[in-house]
Amino acid sequence: KATSAEAAHKFFAPSWSVAAGLALAGLVNFVASQLAFSTLNLISPLSYSVANTFKRVCIAVIAIFYFNERLSLVNGIGIAISIAG
């Protein structure tokens, strides 16, 4: 029978696929941060903020279509307010 330490190790020890996924997520986040700082050097902070807000709205709309989700009235109003500013 496994001891509590061995059981805990099996529970908390990630598989290689989980570790690779976490490493990839970290790398993508690092690259996104580097691109954000590079973009801020090229345009004003206000323009970057507007572009970032528009990007988030686009991601939400794409996700709605990709996952075939129904858009409630409240969600539609929120997206419209985000687009209108």
Side-chain angles (χ1 to χ4, degrees):
K1 186 172 179 172
T3 64
S4 61
E6 290 171 341
H9 177 69
K10 283 185 180 180
F11 181 76
F12 290 111
S15 66
W16 285 108
S17 61
V18 172
L22 288 172
L24 180 63
L27 178 67
V28 169
N29 193 22
F30 172 76
V31 170
S33 295
Q34 292 298 316
L35 286 172
F37 282 114
S38 298
T39 305
L40 276 171
N41 286 332
L42 299 174
I43 61 175
S44 72
L46 179 62
S47 297
Y48 179 78
S49 178
V50 170
N52 192 33
T53 302
F54 184 71
K55 177 191 77 168
R56 291 176 188 270
V57 170
C58 288
I59 289 171
V61 171
I62 290 169
I64 288 168
F65 287 113
Y66 182 79
F67 294 113
N68 200 20
E69 291 287 326
R70 293 181 55 95
L71 186 64
S72 70
L73 179 63
V74 173
N75 295 111
I77 291 171
I79 290 173
I81 290 172
S82 296
I83 292 172

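For the numbers below, each heavy atom of this structure counts, side chains included, while hydrogens, waters and symmetry mates do not.
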- Query: Atom CD1 of I77 and atom OG of S72: how far apart are they, to the nearest 0.5 Å?
  - Reply: 8.5 Å
- Message: How long is the straight-line distance from CZ of F65 back to CG of L71, given to the nearest 0.5 Å?
- Response: 8.5 Å
- Task: Apply side chain to side chain contact (heavy atoms under 4.5 Å, CB included) to the pair N75 and I64, showing each step before the final yes or no.
- Result: CA-CA 10 Å; N75 295 111; I64 288 168; 5.8 Å; no
- Output for pair (T39 OG1, Q34 CD), nearest 0.5 Å, gives 11.0 Å
- When rounded to the nearest 0.5 angstrom, what is the spacing between OG in S17 and CG in L22? 9.5 Å
- Separation between OH of Y48 and CG of L40, rounded to the nearest 0.5 Å: 5.5 Å
- Message: For the OG atom of S47 and the CG atom of L42, what is their distance to the nearest 0.5 Å?
- Response: 11.5 Å
